[in-house]
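As the structure lists them, so they are numbered: ligands from 1, and atoms in each ligand from 1.
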Amino acid sequence: MYVDSHCHLSFPELAQDLPGVLQRMRDSNVVAALNVCTTLTEFPAVLAVAEQHSHIVASVGVHPDSQDTEEPTVERLVELADHPKVVAIGETGLDYFRLQEPLEWQRSRFRTHIRAARQCGKPLIIHTRASPDDTIRVMQEEGAGEAGGVMHCFTESLAVAEAAMALGFYISFSGIVTFKNARALQEVARAVPLQRLLIETDSPYLAPVPYRGKTNEPSFVPKVAEKVAELKNMSVADVAAGSTANFFNLFRAVRDIPAEHDQSVAAAQNGN
Ligand SMILES: [Zn+2]
Ligand SMILES: [Zn+2]
């Protein structure tokens, strides 16, 4: 039983065949997914998928790469997060790879999300790219540890992972960990304890080996679990069960479970 902790079901690549995407999820034993929001404009569509499907939950937030878009306030985020299917604030964070300084607006937007997460008591989904020091600094300055959350699609060093874990954050690995040129990241995955680890697709991008070049989708997340298991010298079942339990512990996701999964989900939610 697997969970995709980060995907974008509302992006056109997946939205155009949502029934097929959800069917292949079931066929691959992927029992739940977190549909992640990137702009306030997108939010109604993100939430609609979660409202229509018991095993999908949603987040609310504005991505650091979304430049010409409605700027969120703490009040607006808290208001939109006040819904049982909105389980997280994000994705938010810093991205110095795609955009260049001056990026004070990006850091300020990141602070807004952390304040909203603290206020509504829901965890953060943090995107960090080419900005490790500032990401950790802002998290520390804003007390992000009080909200907790996940460093999603993690590609930074073990030192950055450790700094985030010290704040109580989980580290989520995507299909990038299966890539041949991802040796350094594979070493990080080896070192992050299973108790702190999540898996995700970040679909529709970054399909794992052996699907590279294809449109990524939640049904591919077992490939991430298989790679993590190989790296950590564990069984795939242990990585699947551990990462699924972590997902439910972190996001406290409320949902209906297909009957055949009842017992295993209950066990996962209890942290077994
Ligand atoms: Zn991201
Ligand atoms: Zn994303």
With a 4.0 Å cut-off, would you call E51 and K85 a salt bridge?
no

Would you call R107 and E101 a salt bridge, taking side-chain N to carboxylate O under 4.0 Å as the test?
yes

Measure up the H8 and F11 rings against each other and bin them: parallel (under 30°), tilted (30 to 60°), perpendicular (over 60°).
parallel

Spell out the protein N/O/S atoms under 2.8 Å from the Zn ion (ligand 1) as residue plus atom name.
E91 OE1, H127 ND1, H152 NE2

Take a 6.0 Å sphere around CG of D17 and say whether it holds more than 12 heavy atoms from other residues, nucleotides or ligands.
yes

Ring geometry between F154 and F173 (parallel below 30°, tilted from 30 to 60°, perpendicular above 60°):
perpendicular

Considering all heavy atoms of both residues, which atom of G149 and which atom of P123 are nearest to each other, and what is their separation?
CA-CB, 3.8 Å

